[in-house]
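Each chain gets a letter, A, B and so on, in the order its sequence line appears, and its residues count up from 1. Keep in mind that the numbers below use all heavy atoms, side chains included, and drop hydrogens, waters and symmetry copies.
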2 protein chains.
Amino acid sequence: MKNNETVLDDLKAVLKTKGMKYTEQRAIILQILLNIDDHLNAEEVLSIVKVKYPDQKIGIATIYRTLNFLEEVNLISSISFGKDGKKYEGNNEEHHDHIICTGCGKIVEFLDDTIEKKQEEIASQNGFKITDHTMQIFGLCSECQSTKK
Amino acid sequence: MKNNETVLDDLKAVLKTKGMKYTEQRAIILQILLNIDDHLNAEEVLSIVKVKYPDQKIGIATIYRTLNFLEEVNLISSISFGKDGKKYEGNNEEHHDHIICTGCGKIVEFLDDTIEKKQEEIASQNGFKITDHTMQIFGLCSECQSTKK
DNA sequence: GTCAATGCAAATCGTTTGCATGAAC
DNA sequence: GTTCATGCAAACGATTTGCATTGAC
């Protein structure tokens, strides 16, 4: 797992090569996603900014613009499903896939080598190149199984 | 693969048990999804109604309401990703999974037994019950690979 | 005749965009 | 000083909702 400084350096480097500017807002948003062990949507990132950086005012538009950019340059990843919009996580951990509870939105991470290999195999058989190794299993977690009749 | 009549009977049965009414609109929307070999979003369903059932006027709200209902009772399934909203297909074919091109939206269906089994295994290890055997691989199809630099 | 479903328009939600101001270089 | 990024509010597209009317039972 990469540390914060390394990834922030990556950010600075990408920005420079693209003729873009290094700003507090961009650094803050990236750091939040690197340090939290959860998947956040734009609104959730905003509310964390308000709590952890109360003197910083970041507009929701900036959050969206920054999240889109960070994903584009592969510093963060997103998963999206039904309601609740896109959720993001920092790319400082190993690659993994997600099981998502369609009841409560709970997300469990896992990695299975057999599936990874099969995925590549099937994709290439169909002429596809998997861009980001994303796979999503949807289901009901144990709590939601008992709730839903 | 089930035929139309069977599935329409299923629809009538579910509606009855739920104290809901059998309407032309609901039957039309379900039939469209059963008979087309494609994945449609709400707007696309509407435009097919206009072409194939020109004397029927169905409002977009009804389409959305009906699609939500049909998915709930498992007569159709949805996949959703990025833009373009949710896409639906009729549940008259065998279960299968999807590879989705993030470039052009092209969808390829596949079925792999090894992955199916592994999915179940991993899900149950985590206390999850896969509700609808849905898995999505995102990537770039061969055309989009050449387009994107 | 009763109650649920429909169509329409207004409302809502997540997200994007235009533009004047402010910050990075 | 120039150029890009920000914040705000307005715009947007997909989807949902409220309500009076219509249709199924």
Side-chain angles (χ1 to χ4, degrees), chain A residues 8-9 11-30 32 39-47 49-50 53-73 75-76 78-88 102 105, chain B residues 8-9 11-30 32 39-47 49-50 53-73 75-76 78-88 102 105:
Chain A
L8 276 182
D9 282 347
L11 174 61
K12 284 180 189 166
V14 183
L15 289 170
K16 180 157 276 181
T17 66
K18 297 212 165 201
M20 295 168 71
K21 289 168 180 168
Y22 178 85
T23 64
E24 270 290 295
Q25 289 91 330
R26 286 173 176 160
I28 287 177
I29 293 170
L30 177 55
I32 286 175
H39 303 72
L40 307 175
N41 62 28
E43 292 290 347
E44 289 164 345
V45 172
L46 180 58
S47 58
V49 171
K50 283 180 183 158
Y53 304 82
D55 14 317
Q56 262 286 347
K57 272 237 153 348
I58 304 189
I60 189 69
T62 299
I63 307 266
Y64 278 106
R65 279 188 283 235
T66 303
L67 290 175
N68 282 339
F69 168 73
L70 291 176
E71 182 173 26
E72 222 165 74
V73 299
L75 290 172
I76 64 175
S78 75
I79 52 178
S80 63
F81 53 99
K83 305 268 156 178
D84 232 11
K86 258 183 175 169
K87 296 208 158 205
Y88 295 86
T102 54
Chain B
L8 277 182
D9 283 348
L11 173 62
K12 284 180 190 166
V14 183
L15 289 171
K16 180 158 277 182
T17 66
K18 297 212 165 201
M20 296 169 70
K21 288 166 182 172
Y22 178 86
T23 63
E24 270 290 295
Q25 290 90 331
R26 286 174 175 159
I28 287 177
I29 293 169
L30 178 54
I32 286 175
H39 303 73
L40 307 175
N41 62 28
E43 292 290 347
E44 288 164 346
V45 171
L46 180 59
S47 57
V49 171
K50 282 181 182 156
Y53 303 83
D55 13 316
Q56 263 285 347
K57 272 232 154 349
I58 305 189
I60 190 68
T62 299
I63 308 265
Y64 278 108
R65 279 187 282 235
T66 303
L67 290 174
N68 282 339
F69 169 73
L70 292 176
E71 182 173 25
E72 224 164 74
V73 298
L75 290 171
I76 64 176
S78 74
I79 50 178
S80 62
F81 54 97
K83 306 268 157 181
D84 231 11
K86 257 184 176 170
K87 296 209 158 205
Y88 294 87
T102 53

Could you state the atom-to-atom distance from [atom1] of [X] to [atom2] of [N] in whole Å?
X	N	atom1	atom2	answer
B:Glu24	C:dA5	CD	C1'	13 Å
A:Lys18	D:dA5	NZ	C1'	16 Å
B:Ile60	C:dA11	CD1	P	19 Å
A:Tyr22	D:dC4	OH	P	20 Å
B:Lys57	D:dG23	NZ	P	14 Å
B:Lys87	D:dG13	NZ	P	17 Å
B:Leu40	D:dA14	CG	C1'	16 Å
B:Leu46	D:dT15	CG	P	13 Å

Between the side chain of B:Glu44 and the main-chain N/O of B:Asn41, is any donor-acceptor distance below 3.5 Å?
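Pair found, side chain donor or acceptor close to backbone of B:Asn41.
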If we only count heavy atoms from C-beta on, is the A:Glu24 to A:Tyr53 side-chain gap below 4.5 Å?
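A side-chain contact under 4.5 Å is absent here.
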For A:Ile58 against A:Leu46, the heavy-atom pair lying closest together:
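Looks like O-CD1, 3.2 Å.
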Heavy-atom closest pair, residues A:Ile32 and A:Val45:
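Closest pair (atom of A:Ile32, atom of A:Val45, distance): CD1-O, 4.3 Å.
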Between A:Met20 and B:Glu43, name the one whose nearest nucleotide on DNA chain D is closer to the 5' end.
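Its nucleotide being nearer the 5' end, the pick is A:Met20.
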Just to verify, which of A:Leu70, A:Leu67, A:Ile79 counts as forming a side-chain contact (heavy atoms from CB on, under 4.5 Å) with A:Tyr88?
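Only one option passes, and that is A:Leu67.
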Counting only side-chain N and O atoms of [X], is one of them less than 4.0 Å from OP1 or OP2 of [N]?
X	N	answer
B:Arg65	C:dA5	no
A:Gln25	C:dA23	no
A:Tyr64	C:dT15	yes
A:Thr23	C:dA23	no
A:Asn68	C:dT15	no

More 5' along DNA chain C: B:Gly59 or A:Lys21, using each one's nearest nucleotide?
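The answer here is B:Gly59.
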May I ask you to say what B:Ile58 touches in the nucleic acid, namely base, sugar-phosphate or nothing, with a heavy-atom cut-off under 4.0 Å?
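Sugar-phosphate, no base atom in range.
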